[in-house]
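Everything below concerns the one structure shown next.
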Amino acid sequence: QQPVQSPQAVILREGEDAVINCSSSKALYSVHWYRQKHGEAPVFLMILLKGGEQKGHEKISASFNEKKQQSSLYLTASQLSYSGTYFCGTEHSLIDRGSTLGRLYFGRGTQLTVWP
Amino acid sequence: DAGVIQSPRHEVTEMGQEVTLRCKPISGHDYLFWYRQTMMRGLELLIYFNNNVPIDDSGMPEDRFSAKMPNASFSTLKIQPSEPRDSAVYFCASNTRGAGANVLTFGAGSRLTVL
């Protein structure tokens, strides 16, 4: 039930773009994105609740394709501060929730390194 | 609010010893989660509580692990006896669904090393 993230790692030069993908085998109610700096706790970036919804946070945006059970995180004109590990968290659909209401399943993470 | 507070931040112990990790959630949050993070398995949900009641403990690895939430402002995760494979960073997180969205706030984590 853990979502699958790809790629596992990305190395960028400052100013370059990147896409991180997240896919689930389960029908989804929402997708969450978190960023974790080395030695720190994961920090919430954004949540996507509807199929096809897109959201933005600085130059970071995301989309959620409910039918395909996939989400993508887009980082444009990357900055040094974007370095870290990005996690997607999935919340299963209402039908599938049952006792797992509120439970987030996290992917293994994508390590993003931005070089000057 | 001071956020989610965890203690200790670092713990080094020997195999067989009991370990107790503590968590204070954000005031007003009615959900509390315990996650374990390792390189191999990423972020795994161990157990979560709603209004101090355990809802799902299917992620607890084995009987050596136990968690309690005696009141709305305190939770413990205990490992007895500890083993080297328990070495990991343990995160506590809390949220409330009052706003309609399941957004977690994580504590700083407790790094456990079992020798």
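These values consider heavy atoms only, across backbone and side chains, with no hydrogens, waters or symmetry-generated copies. Every chain is numbered from 1 and lettered A, B, ... according to where its sequence line falls, protein lines coming before strand lines.
By the neighbour-count criterion of 12 heavy atoms within 6.0 Å, atom CD of B:Glu18 is densely surrounded, having more than that number from other residues, nucleotides or ligands.
Counting heavy atoms from C-beta outward, B:Tyr35 and A:Pro42 have side chains that stay 4.5 Å or more apart. Looking at B:Phe106 and A:Tyr34, their side chains come closer than 4.5 Å, going by heavy atoms from C-beta outward. Counting heavy atoms from C-beta on, the side chains of B:Leu45 and A:Leu104 never come closer than 4.5 Å.
Under the 4.5 Å side-chain heavy-atom criterion for grouping Ile, Leu, Val, Met, Phe, Trp and Tyr, B:Trp34 is connected to B:Leu112 within one hydrophobic cluster. Following chains of ILVMFWY side-chain contacts shorter than 4.5 Å, one can reach B:Val103 starting from B:Phe33, so the two form part of one hydrophobic cluster. Residues B:Leu104 and B:Val89 fall within the same hydrophobic cluster, defined by Ile, Leu, Val, Met, Phe, Trp and Tyr side chains chained together at heavy-atom separations under 4.5 Å. Cluster membership check: A:Leu45 shares its hydrophobic cluster with A:Val31, using side-chain heavy-atom separations under 4.5 Å among Ile, Leu, Val, Met, Phe, Trp and Tyr. There is no path of hydrophobic side-chain contacts, each under 4.5 Å, that joins B:Phe74 to B:Tyr31.
For B:Ser58, the part lying under 4.5 angstrom from a heavy atom of chain A is the side chain only. Looking at B:Gln37, only its side chain comes within 4.5 Å of chain A, counting heavy atoms on both sides.
Residues of residues 106-116 of chain A placed with any heavy atom under 4.5 Å of a heavy atom in chain B are listed by number as A:Phe106, A:Arg108. Residues from residues 61-70 of chain B never place a non-hydrogen atom less than 4.5 Å from a non-hydrogen atom of chain A.
Nearest heavy-atom pair, A:Ala41 versus B:Gly107, reported as atom, atom and distance to 0.1 Å: CB-O, 2.9 Å.
In this structure, a donor-acceptor pair under 3.5 Å is absent between the side chains of A:Gln2 and B:Glu44.
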